[in-house]
S.K.: 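I have a structure I would like to understand better, so I am pasting it below and will then ask my questions one at a time.
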2 protein chains.
Amino acid sequence: MKKNASLVDVARRAKVNISTVSRTINQTGKIGMDTQERVLRAMRELGYKPNRVARRLRARGSSSFLLGLIIPNIQNIFFADLARGVEDVAYRSNYAVLLCNYDEDEAKERFYLDVMQLESVDGIILPPIHEEDPAVLQVVRNGTPVVCVDRSLARGGLDKVEVDNHLGALRAVEHMIAQGHRRIGLIGGPADSSTGKERTRGYKDAHLQAGLPLKTELMRFGDFKQESGRTLAHELLGLADPPSALFVCNGLMTAGALEAIAARGLKIPRQVGIVGFDELPLAEVFNPPLTVVRQPAYEVGKCAAELLLKRIEDGQRPTTSLKLHPELILRKSC
Amino acid sequence: MKKNASLVDVARRAKVNISTVSRTINQTGKIGMDTQERVLRAMRELGYKPNRVARRLRARGSSSFLLGLIIPNIQNIFFADLARGVEDVAYRSNYAVLLCNYDEDEAKERFYLDVMQLESVDGIILPPIHEEDPAVLQVVRNGTPVVCVDRSLARGGLDKVEVDNHLGALRAVEHMIAQGHRRIGLIGGPADSSTGKERTRGYKDAHLQAGLPLKTELMRFGDFKQESGRTLAHELLGLADPPSALFVCNGLMTAGALEAIAARGLKIPRQVGIVGFDELPLAEVFNPPLTVVRQPAYEVGKCAAELLLKRIEDGQRPTTSLKLHPELILRKSC
DNA sequence: CCAAGTGGAGCAAACGTTTGCCTTGCCTGG
DNA sequence: CCAGGCAAGGCAAACGTTTGCTCCACTTGG
């Protein structure tokens with residue numbers, strides 16, 4: 001195990017004290033030009049790279065160039081895009097990202113929050129598991145900067161960046177109504193998720209605006225997984241008086257609904273229209289191309305990371321909360 | 001910034017020396033039953049959690065419960081699945097994962113390799129950027145355990161787990177030939193990627209086996225991105241004597257090819273058949289459902305992480321290299 | 001009765017930084 | 001000529017662990 005050059009090696013070679021080396025690196029304290037020159041040369045010659053672990057151990061509070069990102073599941077493309085957004089701005093500022101999947105599992109979330117703190121990350125980005133997430137609140141109290149993404153925390157006064165889910169759903173359903181649909185099935189998200197709730201609210205408001213009645217038998221709620229999309233779509237399409245179009249509240253459930261539609265041999269959009277939340281990789285080349293509500297996932301991650309970096313720099317700055325606009329991409333499925 | 005309880009706090013409360021606490025935690029050294037009891041109680045009462053940073057700083061060489069994962073792009077679902085596999089086994093062993101995207105960019109890869117070493121990760125999982133990746137070799141020489149995934153390194157004698165790309169392509173093209181196709185277009189990967197080469201080899205071998213001639217005008221090579229899939233498919237389909245089916249060497253390029261096919265108004269599989277590498281989210285519900293070669297991405301990650309953990313435990317164990325089998329999923333597109 | 005062995009636990013160094021404080025030499029204003 | 005100030009840089013503590021050594025008190029075999 002070849003050791004990396006350390007401060008003392010550099011110091012020895014430059015014939016100065018280690019504190020001098022440290023100070024030239026960090027531009028802190030006053031060091032003469034010539035000495036700096038010597039130190040820099042020694043560093044170059046030895047290929048010195050400061051040890052991040054030691055730095056973090058010592059400099060708790062000052063920056064250690066590590067961000068934590070805790071997400072439900074990286075296999076969900078929304079979070080993959082988001083993660084990429086975070087990563088890109090982190091990289092540009094020389095930060096690395098510690099990434100964890102918590103699978104909507106509270107124990108796992110807690111474990112990872114612990115890890116993050118014990119790793120002394122500079123800050124954490126996460127979608128809270130629910131609106132009163134006590135573990136997260138605890139972390140915040142400990143003084144670690146946190147920014148919420150996608151979902152938000154009821155209390156805590158945190159920076160956050162969300163997508164305007166209500167608006168996205170509203171626009172989508174408005175469009176469906178404009179296409180002439182009067183019986184629109186809803187495949188919604190879990191009632192305890194803020195995103196699910198907001199999208200459902202958009203669906204309802206679109207109906208209210210248009211003076212259309214809400215029928216409970218047309219509104220079903222799943223768990224954001226493919227399986228439930230399929231099941232619920234089957235339920236809806238099996239109704240005596242089935243909906244003429246489906247509004248599905250996330251990508252995976254949309255895929256599930258598509259399965260059901262295919263299984264029943266229904267033609268899109270003639271026999272049933274469909275609009276889903278989340279852009280899907282093949283949506284554009286699907287037959288017919290899928291009309292979807294695209295969430296700016298990458299931008300969410302990007303903004304969140306930017307906010308976090310700013311907060312790390314200045315813990316006192318006023319909190320900001322962003323609401324990014326989703327985009328209704330009109331294609332042929334409705 | 002509330003501080004966590006430290007060893008000294010526990011020691012003070014249990015009225016023992018910190019070394020005693022450390023030893024009871026790590027089950028190293030001989031400590032009396034009663035003392036252990038006292039220490040454990042003190043730990044519980046203070047909610048003590050060992051500081052991972054300090055541990056890593058000191059115990060370079062002993063385990064610090066951090067794994068590094070460097071991948072081209074987490075937005076590529078293959079790597080997302082792989083990452084998930086890694087994460088799951090890591091979590092089960094109380095490891096956290098430091099994840100980085102290097103974007104096939106050598107500078108970025110180098111930066112992240114540095115970070116990993118400076119963070120003293122216990123080991124690294126990555127697909128080398130190419131077969132003679134000097135930066136990776138350097139890391140290996142430094143003594144950090146590394147396991148290669150997906151792609152491999154020509155030298156170095158490392159643990160690795162790959163997918164049998166040759167086999168996957170072979171089976172796919174065999175199937176296409178069995179379906180009666182005689183002119184099969186290839187949209188291959190970059191010539192300097194081992195995966196691309198292997199898949200191309202599979203394509204060729206299937207032809208040889210069947211006694212079919214290889215036509216260079218039917219073989220095009222892209223960069224594994226959607227754009228190139230579209231362009232190359234257009235080129236192939238625009239030929240005077242176009243191929244009757246396309247074999248596409250990864251998921252993104254398949255999506256691109258599908259775009260081209262749709263743009264030309266061609267019917268699958270009647271006018272053109274298509275088989276792609278990589279399972280895609282909507283492939284199953286596509287119209288028609290897509291025949292694809294599914295790579296066991298999750299398993300690759302899982303096996304790699306298991307291998308890495310074993311190596312961390314025993315640096316001397318003989319290296320193993322796994323070759324996982326892809327699966328040809330027959331659907332309707334060819 | 002003594003040497004050697006053993007179980008139990010403390011001391012202090014080391015890991016590689018950052019940083020508060022101190023020292024030194026030189027300059028400057030009075 | 002001297003006090004005070006300042007620029008430059010050294011000393012050593014501290015961050016929270018792990019671990020090699022030492023130390024002590026017993027036991028035990030000869």
S.K.: Tell me which pairs pass side-chain hydrogen bond (donor to acceptor under 3.5 Å, both in side chains) where either residue lies in residues 297-316 of chain A, with sequence neighbours left out.
M.R.: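 Listed by first then second residue: Asp88(A)-Tyr298(A), Asp159(A)-Arg311(A).
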S.K.: Just by distance, do the side chain of Thr24(A) and the backbone of Val21(A) share a donor-acceptor pair under 3.5 Å?
M.R.: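 Present.
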S.K.: I need the residues from residues 7-19 of chain B with at least one non-hydrogen atom less than 4.0 Å from DNA chain D; give them sorted by number, or say none.
M.R.: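 Of all residues in residues 7-19 of chain B, the ones placing a heavy atom under 4.0 Å from DNA chain D are Leu7(B), Ile18(B), Ser19(B).
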S.K.: May I ask you to list the residues of residues 35-50 of chain B, by number, that have any heavy atom positioned under 4.0 Å from an atom of DNA chain C?
M.R.: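 Of all residues in residues 35-50 of chain B, the ones placing a heavy atom under 4.0 Å from DNA chain C are Thr35(B).
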S.K.: Main chain of Tyr95(A), side chain of Ser93(A): is a donor-acceptor contact present, judged purely on distance under 3.5 Å?
M.R.: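 It does not hold such a pair.
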S.K.: For the side chain of Arg58(B) and the base of dT18(D), is some donor closer than 3.5 Å to an acceptor across the two?
M.R.: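 Yes, the side chain and the base share a sub-3.5 Å donor-acceptor pair.
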S.K.: Just by modelled atom types, is the Tyr102(A) backbone N or O under 3.5 Å from a matching donor or acceptor in the Asp105(A) side chain?
M.R.: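 No; judged by distance alone, with no hydrogens or angles, the pair does not exist.
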S.K.: Please list, chain by chain and in numerical order, all residues satisfying side chain to side chain donor-acceptor pair (under 3.5 Å) with Tyr91(B), sequence neighbours excluded.
M.R.: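 Once residues adjacent in sequence are excluded, Tyr91(B) has no partner under the side chain to side chain donor-acceptor pair (under 3.5 Å) criterion.
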S.K.: Could you grab the distance from atom CG of Asp122(A) to atom CD1 of Ile312(A), nearest 0.5 Å is fine?
M.R.: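 Asp122(A) CG to Ile312(A) CD1: 4.5 Å, rounded to 0.5 Å.
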S.K.: The side chain of Lys30(B) is closest to which nucleotide in this list: dT18(D), dG8(C), dT17(C)?
M.R.: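 The closest nucleotide is dG8(C).
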S.K.: In whole angstrom, give the distance that lies between atom CG of Leu57(A) and atom P of dT19(C).
M.R.: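 It is 13 Å, rounded to the nearest whole Å.
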S.K.: Which atom pairs, donor and acceptor, lie under 3.5 Å between side-chain atoms of residues 33-43 of chain A and protein residues at least two apart or in another chain?
M.R.:
unit_1, atom_1, unit_2, atom_2, d
Gln36(A), NE2, Ile31(A), O, 3.3
Arg38(A), NE, Ala14(A), O, 3.0
Arg38(A), NH2, Ala14(A), O, 3.2

S.K.: Can you check whether Thr20(A) has a side-chain N or O nearer than 4.0 Å to OP1 or OP2 of dG10(D)?
M.R.: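 True: Thr20(A) side-chain N/O within range (under 4.0 Å) of dG10(D) OP1/OP2.
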S.K.: Can you give me the bend angle of the helix from dC1(C)-dG30(D) to dG30(C)-dC1(D)? Use the axis through the first five pairs and the one through the last five, nearest 10 degrees.
M.R.: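 About 50° separates the two local helix axes.
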S.K.: In whole angstrom, what separates Glu119(A)'s CD from dG16(D)'s P?
M.R.: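 Glu119(A) atom CD is separated from dG16(D) atom P by 15 Å.
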S.K.: Does Asn26(A) make a side-chain N or O approach to OP1 or OP2 of dT18(C) shorter than 4.0 Å?
M.R.: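 It does, given that an N or O in the side chain of Asn26(A) lies less than 4.0 Å from OP1 or OP2 of dT18(C).
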S.K.: I'd like to compare against my own output: the B/S/- annotation of nucleotides 21-27 of chain D with a strict under-4.0 Å heavy-atom distance to protein.
M.R.: -------
S.K.: When you measure from the side chain of Gln295(B) to the backbone of Val163(B), do you find a donor-acceptor pair of N or O atoms at a distance under 3.5 Å?
M.R.: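 Side chain of Gln295(B) to backbone of Val163(B), a donor-acceptor pair under 3.5 Å: no, none is there.
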S.K.: Once you round it to whole Å, what is the distance between P of dG16(D) and CZ of Arg56(B)?
M.R.: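 Rounded to whole Å, this separation is 15 Å.
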S.K.: Using the test side chain to side chain donor-acceptor pair (under 3.5 Å), find all partners of Lys49(A) that sit at least two apart in sequence or belong to another chain.
M.R.: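 Partners of Lys49(A) by the side chain to side chain donor-acceptor pair (under 3.5 Å) criterion, ordered by chain and then number, come out as Asp114(B).
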S.K.: Taking distance alone, no hydrogens or angles, what donor-acceptor pairs closer than 3.5 Å link side-chain atoms of residues 128-136 of chain B to residues at least two apart or in another chain?
M.R.:
unit_1, atom_1, unit_2, atom_2, d
Asp133(B), OD1, Ala135(B), N, 3.3
Asp133(B), OD1, Val136(B), N, 3.4
Asp133(B), OD2, Ile129(B), N, 3.1

S.K.: Which residues pass the side chain to side chain donor-acceptor pair (under 3.5 Å) test with Asp103(B), not counting sequence neighbours?
M.R.: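 So Asp103(B) forms a side chain to side chain donor-acceptor pair (under 3.5 Å) with Arg84(A), Lys108(B).
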S.K.: Got a sec, which pairs hit ring-ring contact (aromatic ring centres under 6.0 Å, His included) with one end in residues 22-47 of chain A, sequence neighbours left out?
M.R.: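 Of all non-adjacent pairs touching residues 22-47 of chain A, none passes ring-ring contact (aromatic ring centres under 6.0 Å, His included).
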S.K.: Within the structure, does a side-chain N or O atom of Arg55(B) lie under 4.0 Å from either OP1 or OP2 of dT18(D)?
M.R.: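 True: Arg55(B) side-chain N/O within range (under 4.0 Å) of dT18(D) OP1/OP2.
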S.K.: Quick one: salt bridge (Lys or Arg N to Asp or Glu O under 4.0 Å) pairs with a partner in residues 145-154 of chain B, sequence neighbours left out?
M.R.: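 Matches after skipping sequence neighbours: Glu104(B)-Arg151(B).
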